[in-house]
There are 2 protein chains.
Amino acid sequence: MSWDLKSDRPIYSQLIEQIEIKICSGIFAPGSKLPSVRELAQEAAVNPNTMQKALSMLEEHGLLYTNRTSGRFITEDIKMIQQAKQKLAQEQISEFLEKMKSLGLNKTETLSIITTMLEEAKK
Amino acid sequence: MSWDLKSDRPIYSQLIEQIEIKICSGIFAPGSKLPSVRELAQEAAVNPNTMQKALSMLEEHGLLYTNRTSGRFITEDIKMIQQAKQKLAQEQISEFLEKMKSLGLNKTETLSIITTMLEEAKK
DNA sequence: ATTATTGTATTAAGTACTTAGTACAATAAT
DNA sequence: ATTATTGTACTAAGTACTTAATACAATAAT
């Protein structure tokens with residue numbers, strides 16, 4: 001469980017992103033119980049207040065729910081998770097293409113760079 | 001000249017990124033004079049101190065140089081600009097692929113999504 | 001020579017983020 | 001019944017970022 005947090009952005013915001021990703025990718029399975037706020041905070045080397053902030057904000061998205069004293073749980077609604085995953089992927093892609101465009105790279109140039117990078121990665 | 005700045009990240013950092021992009025894409029042409037700190041600050045609706053911070057940090061990258069009282073200028077070194085552009089593109093791409101991977105999409109899946117999205121865009 | 005513009009520096013204030021430390025109510029575990 | 005664990009709330013402190021308001025030295029423009 002890697003939590004590499006950078007200092008150029010609010011930590012709580014990065015935590016939200018990463019937890020969301022862990023849910024969407026199945027690392028945090030549907031219906032399963034999350035580690036406690038204190039545990040997660042220690043894992044991520046972060047103050048419990050900060051983790052608490054991230055988790056409570058994440059609940060607004062509906063991917064989590066809280067049982068007051070037994071802990072937090074991932075939603076069992078697989079369809080909701082699937083939708084969140086799809087939404088995350090599309091956001092990333094369009095954001096990425098937008099940046100490439102602003103750099104002045106047309107589509108073929110972008111594709112060519114990607115493919116060469118993937119070729120490099122195979123070696 | 002659009003400067004849409006978000007509040008979830010330090011402004012100076014976003015300014016650096018966007019100015020770098022404007023240089024790499026040719027919006028700020030090689031050898032040309034930049035608007036003054038005060039002008040740029042007003043354009044971006046930002047405090048002059050913040051713009052100054054971004055610009056002075058940008059100079060460390062070598063894309064800008066300062067003539068103490070006549071203003072700031074874009075480097076004439078086209079090769080350096082080209083390299084910066086390439087570096088920016090590669091950073092964006094690997095960052096993007098990393099996120100896709102964390103979402104559970106491997107590189108070939110990601111590549112296929114992109115190509116189909118680019119095909120869609122042509123229509 | 002005078003004026004305007006340039007980058008730069010400084011101080012003060014406000015805000016957001018993070019941490020440390022503590023505490024409380026509810027309930028699961030014993 | 002008692003204890004431990006849960007989420008939650010609160011205060012105080014430190015740091016980083018941003019803005020406002022000036023000010024200064026160098027030099028381009030007049």
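Here is how names work: the chains are called A, B, and so on, in the same order as the sequence lines, proteins then strands, and each is numbered from 1.
C/dT30 is paired with D/dA1 under the criterion used here, namely a Watson-Crick or G-U wobble arrangement in which both key atom distances are under 3.5 Å. Nucleotide D/dA12 is matched to C/dT19 when pairs are restricted to Watson-Crick or G-U wobble geometry with both distances under 3.5 angstrom.
Of the candidates C/dT19, D/dT19, C/dG7, the closest approach to any side-chain atom of A/Val46 belongs to C/dT19. When distances are taken from the side chain of B/Glu59 to each of D/dT6, C/dT8, D/dA28, the shortest belongs to C/dT8. For A/Lys33, whose side chain is taken as the heavy atoms from C-beta onward, the closest listed nucleotide among D/dC17, D/dT6, D/dA20 is D/dT6.
When only modelled atom types and interatomic distance are considered, A/Glu43 and A/Trp3 share a side-chain donor-acceptor pair under 3.5 Å.
Nucleotides of DNA chain C nearest to A/Arg68 and B/Pro48 differ in position, and the one nearer the 5' end is that of B/Pro48.
Contact annotation: B/Ser36 side-chain N/O to C/dT5 OP1/OP2 distance is not under 4.0 Å. A close approach under 4.0 Å does occur between a side-chain nitrogen or oxygen of A/Thr50 and OP1 or OP2 of C/dT19.
Checked for salt-bridge contact, B/Lys99 and A/Glu91 miss the test: no charged N lies under 4.0 Å from a carboxylate O.
What separates NZ of A/Lys53 from C1' of C/dT19 is a distance of 12 Å, to the nearest Å. In this structure, the CD atom of B/Gln42 is 14 Å from the P atom of D/dA21, given to the nearest Å. At whole-Å resolution of the value, CZ in A/Arg9 and C1' in D/dA16 are 16 Å apart. Taking atom CG on B/Leu5 and atom C1' on D/dT19, their separation rounds to 14 Å, with Å as the unit. One interatomic measurement links the two molecules: CZ of B/Arg38 to C1' of D/dT22, which rounds to 11 Å at whole-angstrom precision. A straight line from CE of B/Met51 to P of C/dA9 spans 17 Å, rounded to a whole angstrom. Computed from coordinates, the A/Gln52 CD to D/dC10 P distance equals 12 Å when rounded to whole Å. When rounded to the nearest whole Å, the span between CG of A/Leu40 and C1' of D/dT6 equals 13 Å.
Put simply, the side chain of A/Asn49 and the base of D/dC10 share a donor and an acceptor less than 3.5 Å apart.
A/Arg72 comes within contact range of the sugar-phosphate backbone alone, with a heavy-atom separation under 4.0 Å but no base atom that close.
A single hydrophobic cluster is not seen to contain both A/Leu15 and A/Tyr65; linkage of ILVMFWY side chains at heavy-atom distances under 4.5 Å, directly or through other members, places them apart.
Taking 4.5 Å as the limit, every side-chain heavy atom of B/Ser56 sits out of range of all side-chain heavy atoms of B/Met51.
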*Output, in order, the C-alpha distance, side-chain angles, deciding distance and verdict of salt bridge (Lys or Arg N to Asp or Glu O under 4.0 Å) for B/Glu17 and B/Lys22.*
CA-CA 9 Å; B/Glu17 266 184 24; B/Lys22 287 180 204 298; over 6 Å; no
